[in-house]
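Computation of the quantities below employed the complete heavy-atom set of this structure, encompassing side-chain atoms and omitting hydrogens, waters and symmetry-equivalent molecules. Throughout, numbering of the chain's residues begins at 1 and tracks the sequence.
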Amino acid sequence: MDAAATCASSLHYCSPVGFNEIGKKSNGFLRLSQRSKGERSLQVLNVRGFRSSRTLTQRRPVAFELSCSYKNCQAPALESEKTRDSVDELFILKTKSQDVAPYMTGRCIYLVGMMGSGKTTVGKIISEVLGYSFFDSDKLVEQAAGGTSVAQIFKQYSESFFRDNESEVLRELSLMRRLVVATGGGAVIRPINWKYMKQGITVWLDVPLEALARRIAAVGTDSRPLLHNESGDPYTKALLRLSTLSEERGEAYANADARVSLEHIAAKMGHRDVTNLSPIAIAIEVLVQIENFLKSQEDMTIARNS
Ligand SMILES: Nc1ncnc2c1ncn2[C@@H]1O[C@H](COP(=O)(O)OP(=O)(O)O)[C@@H](O)[C@H]1O
Ligand SMILES: O=C(O)C1=C[C@@H](OP(=O)(O)O)[C@@H](O)[C@H](O)C1
């Protein structure tokens with residue numbers, strides 16, 4: 001743990017906007033560190049001055065490059081091959097996290113991407129391996145609303161009311177360190193949210209719409225209110241709405257510092273499509289892209305100072 005970091009078991013968040021006024025929330029405070037299941041205690045953001053003694057250009061060689069995990073990975077026929085592949089992936093994930101962690105200097109990671117892109121699933125893995133705490137911004141808004149679900153908040157109040165609270169949650173998270181945050185799919189549409197998220201490193205999980213629609217159809221649209229108004233079978237209605245949302249959001253996701261394209265990972269691994277990419281393989285690529293981003297930042301600093 002960073003020396004300057006403080007265990008925040010007593011850390012309270014001011015309530016996100018609006019819930020007090022409408023009487024949904026009685027005490028006006030959120031106790032994030034206790035309510036968020038399975039999380040380590042939070043650490044307060046007060047280690048900005050900390051710098052690793054090693055620079056990125058001095059980094060030690062990585063024992064295994066990512067491509068090792070992608071070798072011979074096509075549709076393993078035997079269970080034992082699958083097990084071996086996941087053991088390999090876990091090892092590479094661990095190695096890569098040890099390589100990247102010193103250069104993170106406690107900065108938070110914000111995962112952005114369309115609904116269903118795996119921000120929560122992959123975010124939990126990354127937080128675990130980096131020893132960071134994990135937060136899902138939707139869950140924090142729900143907590144601030146006294147446990148009201150996102151779907152209910154949309155229905156009972158409005159989308160803009162949800163967005164105001166989402167921004168407030170992100171503002172509060174931006175004051176902290178050593179967090180992995182799974183943001184809501186629409187967090188990218190408000191420029192102010194980028195100001196908060198850019199306090200850390202932002203990563204876009206870029207997943208083809210068909211794969212998103214398949215995942216969402218498999219779990220249902222109950223928790224995703226923006227998908228409620230379409231008619232048709234679950235896959236078709238998810239795909240239709242996701243296509244519209246994706247067009248509306250345009251290049252918003254591309255503001256992220258790093259992009260993780262599932263199509264790109266699949267191509268590297270020799271898969272025909274993205275269906276069989278494990279969350280661990282995606283988490284590895286997140287760390288690789290963060291490393292690339294940090295390296296490019298360092299190169300720019302060196303170029304500016306020379
Ligand atoms: N790599 C993956 N392969 C297959 N299904 C996945 C993958 N990552 C996530 N999922 C599934 O997709 C659904 C949405 O994932 P989730 O992590 O909740 O996305 P988000 O937080 O971006 O909305 C979940 O049911 C999850 O189990
Ligand atoms: O794309 C969006 O606008 C939304 C995505 C959802 O989060 P997930 O991306 O976690 O599903 C949630 O914030 C809300 O339903 C709105």
Side-chain angles (χ1 to χ4, degrees), residues 1-5 43-70 91-113 119 122-123 125-127 129-133 170-171 173-181 183 187-188 191-206 251-265 267-268 281-306:
M1 195 208 288
D2 286 320
Q43 288 133 32
V44 177
L45 175 72
N46 57 0
V47 287
R48 279 191 181 281
F50 172 79
R51 265 201 69 77
S52 164
S53 54
R54 279 188 292 159
T55 64
L56 273 172
T57 44
Q58 291 172 312
R59 65 195 153 171
R60 68 194 149 77
V62 187
F64 286 78
E65 287 301 324
L66 187 64
S67 55
C68 296
S69 71
Y70 295 166
F91 180 74
I92 292 161
L93 178 71
K94 189 79 195 152
T95 308
K96 186 48 75 182
S97 72
Q98 285 165 354
D99 200 48
V100 174
Y103 308 110
M104 296 284 306
T105 58
R107 274 171 286 184
C108 298
I109 297 172
Y110 292 88
L111 296 176
V112 301
K119 302 177 294 285
V122 174
I125 295 171
I126 297 167
S127 69
V129 79
L130 286 176
Y132 274 30
S133 299
L170 291 172
R171 187 190 68 76
L173 291 172
S174 73
L175 304 173
M176 307 178 78
R177 287 177 83 79
R178 298 177 67 82
L179 308 180
V180 176
V181 180
T183 64
V188 296
I192 187 72
N193 294 345
W194 283 105
K195 183 180 157 219
Y196 302 140
M197 296 189 292
K198 288 276 179 166
Q199 299 303 312
I201 299 166
T202 48
V203 182
W204 170 26
L205 295 187
D206 184 10
E251 296 300 299
Y253 294 114
N255 284 323
D257 299 315
R259 172 179 173 225
V260 168
S261 156
L262 265 62
E263 279 177 338
H264 183 226
I265 306 175
K268 275 208 273 187
I282 298 164
I284 293 169
E285 184 70 4
V286 168
L287 294 175
V288 169
Q289 294 306 331
I290 287 176
E291 186 179 41
N292 289 344
F293 166 69
L294 294 174
K295 177 80 176 68
S296 70
Q297 266 200 328
E298 173 138 316
D299 288 347
M300 278 192 299
T301 311
I302 291 169
R304 260 200 306 270
N305 296 335
S306 61

Legend entry - Results of side chain to side chain donor-acceptor pair (under 3.5 Å) for Asp257 - residues two or more places apart only: Lys198, Thr202
Inset, instruction - State, yes or no, whether a side-chain contact exists between Val188 and Trp204 at a heavy-atom distance under 4.5 Å. - result: no
Legend entry - Lys295 side chain reached by Glu291 side chain, heavy atoms, under 4.5 Å: no
Inset, instruction - With sequence neighbours left out, write down each residue that passes side chain to side chain contact (heavy atoms under 4.5 Å, CB included) with Arg107, or none if nothing qualifies. - result: Thr105, Ile201, Leu294, Gln297
Inset, instruction - Please name all residues satisfying side chain to side chain contact (heavy atoms under 4.5 Å, CB included) with Lys195, sequence neighbours left out, ordered by chain then number. - result: Ile192
Inset, instruction - Supply the atom-to-atom distance Ile126 CD1 to Lys96 NZ, rounded to the nearest 0.5 angstrom. - result: 13.0 Å
Legend entry - Exam field: side chain Lys119 to backbone Gly113, donor-acceptor pair closer than 3.5 Å: yes
Inset, instruction - Would you mind reporting whether Glu298 and Tyr103 have side-chain heavy atoms less than 4.5 Å apart? - result: no
Legend entry - Atom of Leu170, atom of Ala187 and distance for their closest heavy-atom approach: CD1-CB, 4.1 Å
Legend entry - Rounded distance (nearest 0.5 Å) linking atom CG of Leu175 with atom CD of Gln199: 8.0 Å
Legend entry - Which atom of Trp194 lies closest to which atom of Tyr253, heavy atoms considered: CH2-O, 4.2 Å
Legend entry - For Val180 against Gly123, the heavy-atom pair lying closest together: CG1-O, 3.6 Å
Inset, instruction - Locate the shortest heavy-atom distance separating Val122 from Ala283; write the atom from each residue and the value. - result: CG1-CA, 3.8 Å
Inset, instruction - Name all residues meeting the side chain to side chain contact (heavy atoms under 4.5 Å, CB included) criterion together with Ala101; count only those two or more places apart in sequence or in a different chain, and write none if there are none. - result: Leu130
Legend entry - CG-OG1 distance between Leu111 and Thr183, expressed to the nearest 0.5 angstrom: 7.0 Å
Legend entry - Value rounded to 0.5 Å, distance of CG in Leu287 from CD1 in Ile125: 10.5 Å
Inset, instruction - Find out whether Ile290 and Met104 are in side-chain contact, i.e. whether some heavy atom of one side chain is under 4.5 Å from a heavy atom of the other. - result: yes
Inset, instruction - Kindly compute the distance separating CD1 (Ile265) from CD (Gln289), expressed to the nearest 0.5 Å. - result: 8.5 Å
Inset, instruction - May I ask you to test the Thr95-Asp99 pair for a side-chain heavy-atom distance under 4.5 Å? - result: no
Legend entry - Closest contact, heavy atoms only, Tyr110 versus Met197: CD1-O, 3.2 Å
Legend entry - Minimum side-chain heavy-atom gap Lys268-Glu285 below 4.5 Å: yes
Legend entry - Check: Val260 and Val288 side chains under 4.5 Å, non-hydrogen atoms: no
